[in-house]
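Quick note on labels: first sequence line is chain A, next is B, and so on, each numbered from 1.
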Amino acid sequence: MPELPEVETIRRQLAPRVAGRTIARARVFDPLWSAPVAPREVERKLRGRRIEALRRRGKYLIADLDEDRHLVMHLRMTGNLLWVAPEDDRPERPHLRVRLTLDDGHRLLFTDQRRFGTGVVIDGTHLLETYLSERVGPEPLDPAFTPDVLARAARGRRAPVKAFLLDQRRVAGVGNIYADEALFRAGIHPLRPAGRLRRAEIERLHRGIVEALERGIERQGASIDDYRDSNGDRGSMQDEFLIHLRAGEPCIRCGRPVRKTLAAGRGTYVCSRCQPAPRPRRRATPA
DNA sequence: ATTTTCCCCTGCCGGC
DNA sequence: TGCCGGCAGGGGAAAA
């Protein structure tokens, strides 16, 4: 699933290619992608606009257009954003949802098997910032993301730390894969209440988040199933998972078998020795 | 206000 | 072999 490292990989590949290009044609084939806005309206708003920059915020990809217009895209589960050369005359990709044809003949193809991916056109910097600030919190790879920031975000939270990490308003860009990896790196059990982590644990978690994400970017993302970069190539992070998807295998740190459990409603991989389970604290203890 | 549950959607997988 | 229920999961809405 595209999380921060996957989206960042795509952004880095595409940013220099699209900067300064104009959208010559726009086609939205799937109304679900732009819902509730009609595809024709989105096409009209994109056609003729010049792409000034391609940015990322959490898992969102943002194309800044001229006239203070912004195209905000989310790949969700199975979305891909492919870069196709003008001379590439292979048949259209399966599950094609959107096609942007640039003035140099290149095409940007948004494909999405599961159809969860979205795109929204937002006019004006202020509305864009509102849209984003309602959805995403601090950028974990920004220098401003310090252990103190993480500690403040976690303060008072009773939710399991895994649910906390998956909440995009707490920390931006962390999904199921990198949450597992970060928690294992930090030696913290996913069901520990976020607000009850000690300072030392917050610092380990901070480091775990940053290092897991950075490694993911270095490896061009994780391609378990559908994820491909903008060239259609797989990442290699899936070959370096420390804990994710390793159920039954020995923990790389202690040798105990990795267990798969459920946390925050998501499949979660954990080493019961390296990530000690929280002591269940009761509110009312029946005799 | 925060946390939990349900739902969107499609392909895959195990069971019968 | 083939059908089918169950599952996966990001995020948003609704419910608790």
Without decimals, in angstroms, what is the distance between [X] [atom1] and [N] [atom2]?
{"X": "A:Asp225", "N": "B:dT10", "atom1": "CG", "atom2": "P", "answer": "17 Å"}
{"X": "A:Lys260", "N": "C:dA8", "atom1": "NZ", "atom2": "P", "answer": "5 Å"}
{"X": "A:Asp180", "N": "C:dG10", "atom1": "CG", "atom2": "C1'", "answer": "15 Å"}
{"X": "A:Leu191", "N": "B:dT4", "atom1": "CG", "atom2": "C1'", "answer": "14 Å"}
{"X": "A:Ile177", "N": "C:dG10", "atom1": "CD1", "atom2": "P", "answer": "8 Å"}
{"X": "A:Arg115", "N": "C:dA8", "atom1": "CZ", "atom2": "C1'", "answer": "18 Å"}
{"X": "A:Tyr269", "N": "C:dA8", "atom1": "OH", "atom2": "P", "answer": "9 Å"}
{"X": "A:Ile224", "N": "C:dG10", "atom1": "CD1", "atom2": "C1'", "answer": "14 Å"}

Is A:Arg135 close enough to C:dG12 that one of its side-chain N or O atoms is under 4.0 Å from OP1 or OP2 there? yes
Is there a side-chain polar atom (N or O) of A:His74 under 4.0 Å from OP1 or OP2 of C:dG10? no
Selection from [options] that lies nearest to any side-chain heavy atom of [X]:
{"X": "A:Arg157", "options": "B:dT3, C:dG10, C:dG12", "value": "B:dT3"}
{"X": "A:Ala159", "options": "B:dT4, C:dA8, C:dG10", "value": "B:dT4"}
{"X": "A:Met77", "options": "B:dG11, C:dG10, C:dG12", "value": "C:dG10"}
{"X": "A:Gln113", "options": "B:dT10, C:dG10, B:dC9", "value": "B:dT10"}
{"X": "A:Leu32", "options": "B:dC9, C:dG12, C:dA8", "value": "B:dC9"}
{"X": "A:Lys59", "options": "C:dG12, B:dC9, C:dG10", "value": "C:dG10"}

On DNA chain B, more 5' by nearest nucleotide between A:Asp167 and A:Arg97 is A:Asp167
For DNA chain B, whose closest nucleotide is more 5', that of A:Arg76 or that of A:Gly156? A:Gly156
On DNA chain C, more 5' by nearest nucleotide between A:Glu134 and A:Phe116 is A:Phe116
Carefully, step by step, assess A:His95 and A:Asp112 under the rule side chain to side chain contact (heavy atoms under 4.5 Å, CB included). CA-CA 5 Å; A:His95 311 297; A:Asp112 188 2; 5.6 Å; no
My understanding is that a pair needs two contacts under 3.5 Å, Watson-Crick or G-U wobble. By that rule, which nucleotide pairs with C:dT1? none
Working for ring pair (Phe, Tyr, Trp, His ring centres under 6.0 Å), residues A:His206 and A:Phe145: CA-CA 9 Å; A:His206 173 269; A:Phe145 182 70; 5.0 Å; yes
For A:Phe184, is the NZ or CZ atom of A:Arg253 found under 6.0 angstrom from the centre of its six-membered ring and inside 45 degrees of the ring axis? yes
Give one of base, sugar-phosphate or nothing for A:Gly267, where a contact means two heavy atoms less than 4.0 Å apart. sugar-phosphate
Applying a 4.0 Å non-hydrogen cut-off, can you work out what A:Phe164 is touching in the nucleic acid: base, sugar-phosphate, or nothing? nothing
Distance alone, cut at 3.5 Å: any donor-acceptor contact between the side chains of A:Arg17 and A:Ser230? yes
Does the side chain of A:Tyr178 come under 3.5 Å of the side chain of A:Glu6 through a donor N or O and an acceptor N or O? yes
Regarding C:dG10, can its base be found pairing with the side chain of A:Arg266 as donor and acceptor, where the two atoms are less than 3.5 Å apart? yes
Side-chain heavy atoms under 4.5 angstrom apart, residues restricted to Ile, Leu, Val, Met, Phe, Trp, Tyr: same cluster for A:Val18 and A:Leu109? no
